Amino acid sequence: MDYFRKYLSSQQGGVQPTGAETVERLCDRASSSTLLDDRRDAVRALKALSKKFRVEVGTRAMDILVRVLETDRSDAEITGYALDTLCHIMSDEVTEDDEDMPNVPSDLGAQFTEIFIKKTDNVTLLLSLLTEYDFHILWPTVRLLTVILTNKCKDVQDMILVSPMGVSKLMDLLSESREIIRNDALLLLIQLVKNNANIQKIVAFENAFERLLEIITQEGSSDGGIVVEDCLLLLLNLLRNNSSNQNFFRESSCIKYLTPFFDVDNIQQQSQGGWSAQKVTNIHLMLQLVRTLVSPNNPQQLTSTCQKNMHSSGLLQQLCAILMASGVPADVLTETINTVSEVIRGSQQNQEYFASVMAPSNPPRPAIVVLLMSMVNEKQPFSLRCAVLYCFQSFLYRNEVGQSQIVQTLLPTSVDANTISAGQLLCGGLFSPDSLSNWFAAVALLHAILGNSTQKEQLLRVQLATSLGNPPVTLLQQCCNILAQGGRFQTRIGLLMLLSTWLADSPIAVSHFLYNTSNVPYLISQVSASDVEENESLVHGLCAFLLGICVRFNDDQNETFTMTSLRQVIEKRIGLETFTDKLNQVPKHECYTKAIKNPHINYKQPSESVFDHEFTKLFKKLEGEVLNALSSSRDQSKKQIPSLKEHENIVTQYKDLIQEQDQQLQELRHQLEEMKVSHNTASSQLEKLGQQVQQLKDQNALLKAQKGSHADIRKDEEIKNLNEEIIGLKTQLAEKDSNIEKLKTAVAVLEVRVPAQDMSGEEDKENNPPSELEVLQTTMNRLNTDLYHVRVQLAERESLISTMETERNEALQQLEVLKETRESSAADTDLANQKIASLTANVTRLTEEKNSLQDRIKKSNEENLNLLDKIKKLEEDKDRLVGEKMDLHGELDTVKKEQEDLLVLLADQDSKIDKYKARLRELGQEVEDDDDDEELDDENIGDEGDADEEDN
Amino acid sequence: MSYAYLFKYIIIGDTGVGKSCLLLQFTDKRFQPVHDLTIGVEFGARMISIDGKQIKLQIWDTAGQESFRSITRSYYRGAAGALLVYDITRRDTFNHLTTWLEDARQHSNSNMVIMLIGNKSDLEARRDVKKEEGEAFAREHGLIFMETSAKTAANVEEAFINTAKEIYQKIQDGVFDINNEANGIKIGPQHSPTNPNMPSGGGSAGQSGGCC
């Protein structure tokens with residue numbers, strides 16, 4: 001301290017060395033002294049001077065101080081001094097001393113930092129000091145790093161990033177037990193992660209989220225002090241614009257740790273004594289943290305998962321409780337409303353929950369109504385009213401149910417005079433004397449019908465009761481009336497936006513608007529007026545937009561203002577150039593560009609509330625369409641005026657065509673439908689028929705089987721028996737044949753003996769007959785004829801015998817004659833006697849033969865009779881079998897007939913199906929050709945499937 | 001979703017070996033043939049179950065490019081497991097394994113489980129590194145080895161799950177200090193040996209996706 005005093009006091013004297021000289025001397029000492037104590041004193045002195053003589057110490061001592069850090073690291077004291085000194089010279093923080101030296105440049109610290117970090121080793125050196133445990137080293141190191149990070153963020157970040165374990169070492173400081181170091185480490189980390197996604201990710205990887213949430217809880221959560229604030233700032237820095245970290249935060253189940261921040265009981269208890277500034281700040285930061293996770297600018301998927309988690313973890317419920325709690329400071333309430341807005345925006349579940357929240361008023365009212373009351377109340381702070389509008393918009397964002405609920409409250413049927421409804425509040429706001437309320441109500445109403453044609457039409461039904469005795473007037477007309485009355489800028493802008501949104505994409509709304517003939521002239525007069533000031537030009541621009549929408553979405557239902565006539569009027573009265581100019585004024589406006597960027601309403605003062613985000617999007621979308629709708633006639637210039645009509649004609653032609661085609665389509669669809677039905681029935685019939693055929697076949701088979709089992713077998717047996725009998729007969733026949741043969745031979749013998757007996761015996765009995773019965777018959781016939789022949793032969797033979805007897809008688813007579821002659825001649829008589837004797841012997845032999853033959857014939861006759869009987873029996877059997885056969889044939893025939901009938905039916909169906917196929921082909925269906933019935937069925941099913949697909 | 005343990009993994013290896021695809025296949029069960037170059041580090045998570053215990057895997061997929069090496073080094077220390085990936089159709093990626101391993105050993109905690117992965121096993125026709133070589137390298141350096149295909153999902157589940165099993169075993173053996181979160185292991189809020197709510201089943205894959 002001697003040096004310190006000496007040099008300080010010497011300065012006051014005139015001859016004493018200047019600050020620069022002193023610094024010079026101290027530097028020499030610090031660098032050249034061999035004694036540690038000396039060096040330590042010198043550095044301590046430099047530290048003391050480093051605030052007053054920043055420039056001098058900085059320029060002269062920096063290298064020396066760095067060398068001290070390198071060489072004297074073992075001495076915590078000198079290292080600490082050196083670090084403090086470096087801290088002083090590089091810090092640009094405004095201190096009391098600075099005020100004494102106005103000539104010091106404000107970025108002096110940054111300049112020194114630049115010099116310091118030129119050597120990358122210096123930063124590495126500082127990082128290596130973080131491993132020291134000594135408080136005198138660690139604490140100033142943290143602060144110095146914070147300073148150089150503040151001054152040269154990007155460069156130092158890069159150096160820390162490449163330094164091995166650099167970030168990790170810094171992260172370890174968060175676990176430091178000495179709170180002062182941990183708290184300063186928080187400040188260091190806030191600087192470290194600024195705008196550097198890579199470092200943010202590493203810090204998050206090192207468990208920063210859990211660590212920070214732990215510290216916040218330890219420090220008393222929202223009631224905690226500045227440390228909580230710092231933790232929240234660091235969390236915000238880690239999460240903002242870093243979707244990877246947001247995802248990690250959500251994945252690590254950190255969202256549920258946010259819920260206790262907004263413990264409403266705790267908050268209300270505290271609020272008895274008012275909220276501390278720190279608490280307000282903490283809650284603000286916590287709300288921002290929530291908003292960061294569900295920002296409309298985040299990836300949709302991330303936001304919606306976070307929204308779900310916030311619902312399931314009860315965070316949304318807590319936030320809504322704050323909304324309805326008493327004693328919450330207005331700015332906190334505003335921010336809570338904004339936060340709730342983003343938590344529910346586009347999330348159906350959360351929107352439903354929000355709609356169900358009731359305010360603890362008497363009678364209880366929906367939170368939405370209570371909030372809307374604030375919105376249309378001019379006494380409420382502007383920012384709160386903006387927040388409510390944002391909340392209302394978020395509630396209706398992608399929420400058709402919500403939209404219809406709101407519009408429903410405006411419709412005559414559901415109006416309940418006793419309760420205040422959202423619709424009443426909005427109408428009240430729309431026609432209140434406060435222009436800002438008009439604007440808010442108009443924009444709110446705009447969101448109730450945005451992109452929802454049903455609600456646009458519903459809103460057309462809304463009637464307003466004006467003064468007593470006057471007829472009610474529609475909401476649409478009342479808006480137009482107020483617009484025409486002039487009124488203030490925001491009123492008109494709000495109404496114009498509402499009307500434009502209402503009429504866009506809704507030809508019905510357009511024709512309602514055009515129904516009142518005074519509306520278009522008003523718009524024309526506005527657009528054709530010359531601009532007086534900026535705001536008026538916006539009104540004119542929006543009037544042009546509305547007029548353009550009337551053209552663009554005109555369905556020519558109104559005779560006075562058809563698309564064509566409106567175009568002509570615009571061209572004649574305004575001129576397309578002017579019209580386009582006016583329209584182009586709108587997107588050029590600062591308020592427009594601001595509004596289109598972000599759905600969040602972030603106006604600082606009432607005059608900024610001009611455009612709504614969704615409206616700007618609509619404007620951007622329709623601007624081109626509107627100009628096209630108008631300029632399609634302009635490009636073709638005047639000669640195209642007749643062609644306008646042509647155009648109309650073409651359009652109508654096309655419309656007709658489309659209608660025709662529509663009808664055709666309808667008809668074809670109908671036909672297709674019918675065809676499908678008939679097709680279905682046909683295929684089902686086919687199926688039935690197939691089944692019948694199958695049944696018949698089965699029956700057939702069954703019958704066959706039965707026959708096979710009963711009749712057939714019997715028949716077979718019978719046939720077999722018959723065959724056997726036939727064989728027996730055959731053998732008998734053969735026997736007979738042989739008998740006959742024998743007879744024949746006998747006959748032949750007889751023939752030989754009796755020449756008259758020459759009968760042909762030729763018969764082909766040996767041939768096997770094709771039909772046994774026939775053969776039997778023929779053989780029978782033959783046998784009969786044979787018999788006949790035999791009989792004839794017998795008769796002949798008998799006649800022969802009789803002739804022979806007569807001959808004998810003659811011979812006997814001759815003999816008598818001869819006896820007489822013998823008497824005449826004895827010699828002759830002897831001869832004659834011999835002759836007679838031989839003749840009688842002959843005759844007896846012949847009679848014997850005749851007798852034997854007769855016996856034989858008798859025998860064969862008997863046999864023949866037997867055979868005949870048997871044949872008769874066989875014939876009877878055969879007849880019976882034939883009868884059975886006939887019956888079976890008859891049955892078979894009927895079955896065959898039925899089958900034939902079925903085949904005819906099938907053929908009919910086939911031809912029908914072919915016809916259908918052809919028709920389907922004509923209808924553009926793909927039909928495959930198939931011969932197989934079953935495949936055809938499959939095919940049909942496939943066709944139906946195709947048709948279904950087409951219908952879809 | 002509550003879990004018994006949380007393991008942090010990193011995936012390292014040369015650029016283009018398919019690290020991001022492995023992660024995508026594991027977390028989303030899909031393959032993206034054209035993948036952007038990873039910038040810095042990307043994060044993914046999934047729940048698995050081992051011995052009937054729910055284990056949450058938080059996986060950091062690192063950029064393979066040399067310029068990001070200093071960034072990716074910061075992730076070694078806090079990881080309990082590392083998948084070291086090479087491409088079986090590119091020998092250079094195999095040759096660089098030694099460098100990667102040195103880097104990992106130097107910056108990680110000594111107990112970190114390293115699984116060596118030869119990726120793109122579906123491209124057998126273009127194979128440049130034999131399976132035996134990978135096995136030999138793994139044996140030599142005490143690593144677990146597997147060939148995978150992020151495209152066909154072959155062995156992808158197994159690679160992540162086997163690594164987790166190894167870590168789990170080390171915990172059972174008392175090798176890991178589970179109270180030091182810097183090791184990349186965290187005990188879950190519901191950790192108890194006889195939790196009735198916990199599904200008991202084999203050590204195979206659990207549900208996909210990881211919501212909390």
Side-chain angles (χ1 to χ4, degrees), chain A residues 120 124 127 157-172 174-175 192-193 196-211 214 238 242-258 293 301-302 304-310 312-313, chain B residues 1-3 6-10 20 23 27-28 38-47 54 56-63 65-80 102-104 106-109 179-190 209-212:
Chain A
T120 314
T124 320
L127 288 173
Q157 279 175 340
D158 288 345
M159 287 173 195
I160 292 173
L161 205 49
V162 297
S163 163
M165 293 287 118
V167 179
S168 307
K169 279 177 196 158
L170 293 172
M171 264 308 294
D172 288 345
L174 273 191
S175 313
L192 179 72
V193 302
N196 191 318
N198 280 326
I199 295 181
Q200 285 164 8
K201 285 185 199 170
I202 297 172
V203 170
F205 175 78
E206 299 274 359
N207 301 318
F209 294 140
E210 282 160 33
R211 197 73 206 91
E214 258 169 47
L238 290 173
N242 190 331
S243 49
S244 177
N245 268 5
Q246 286 169 9
N247 192 21
F248 179 41
F249 187 84
R250 195 185 57 76
E251 274 292 343
S252 310
S253 319
C254 288
I255 286 178
K256 64 171 180 240
Y257 296 112
L258 301 180
L293 294 169
Q301 195 222 339
L302 190 70
S304 56
T305 20
C306 283
Q307 284 172 331
K308 263 184 218 150
N309 287 346
M310 285 175 186
S312 59
S313 68
Chain B
M1 183 126 195
S2 52
Y3 51 84
L6 184 151
F7 296 161
K8 286 186 181 179
Y9 279 13
I10 50 167
S20 302
L23 178 59
T27 57
D28 288 27
T38 309
I39 304 297
V41 174
E42 290 305 328
F43 168 76
R46 207 188 115 175
M47 198 76 97
Q54 292 294 106
K56 185 162 195 156
L57 298 185
Q58 289 183 340
I59 305 143
W60 276 265
D61 164 36
T62 67
Q65 281 193 313
E66 186 62 39
S67 54
F68 291 107
R69 199 62 71 86
S70 56
I71 294 172
T72 57
R73 274 192 195 111
S74 304
Y75 290 85
Y76 288 121
R77 190 184 67 161
E102 275 169 13
D103 222 26
Q106 188 186 341
H107 294 103
S108 68
N109 70 74
N179 294 314
N180 184 1
E181 281 183 24
N183 284 337
I185 295 169
K186 219 182 108 178
I187 309 171
Q190 48 101 304
C211 55
C212 50

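Because the structure is a prediction, the values reported are computed rather than measured. Below, read A as the first sequence line, B as the second, and so on, with proteins coming before strands; counting in each chain starts at 1.
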Test: B:K8 cationic atom under 6.0 Å from A:F205 six-membered ring centre, within 45° of axis: yes
Name the option with the most non-hydrogen atom pairs under 4.5 Å to chain B; the candidates are A:E210, A:M171, A:K256, A:K308. A:E210
Looking at A:V167, A:N198, A:V162, A:I202, which has the largest count of heavy-atom pairs under 4.5 Å with chain B?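 Result: the option with the highest number of such pairs is A:I202.
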Choice from [options] maximising heavy atom contacts with chain A below 4.5 Å:
options: B:G44, B:S70, B:G78; result: B:S70
options: B:G40, B:G184, B:A79, B:S74; result: B:S74
options: B:K186, B:R73, B:R69, B:R77; result: B:R77

If you look at every heavy atom in B:K56 and A:E251, which pair is closest and at what distance? NZ-O, 2.7 Å
Between A:N247 and B:F43, the two heavy atoms sitting closest are ND2-CD2, 4.0 Å
As a quick check of understanding, evaluate side chain to side chain contact (heavy atoms under 4.5 Å, CB included) for A:K201 and B:W60, giving each step before the final call. CA-CA 10 Å; A:K201 285 185 199 170; B:W60 276 265; 5.7 Å; no
Please classify the contact of B:Q106 with chain A as side chain, backbone, both or neither, using a heavy-atom distance under 4.5 Å.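 Answer is neither: B:Q106 stays 4.5 Å or more from chain A.
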Identify which part of B:L6 has an atom lying under 4.5 Å from any heavy atom of chain A, answering side chain, backbone, both or neither. neither
Of the backbone (N, CA, C, O) and the side chain (C-beta and beyond), which part of A:D172 lies under 4.5 Å from a heavy atom of chain B, both, or neither?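 It is the side chain, since no backbone atom gets that close.
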Tell me whether the count of non-hydrogen atoms from other residues, nucleotides or ligands lying under 6.0 Å of NZ in A:K169 goes above 12. yes
Drop me the distance from A:S244's OG to B:D61's CG, to the nearest 0.5 angstrom.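 Going from OG on A:S244 over to CG on B:D61, the span is 10.0 Å.
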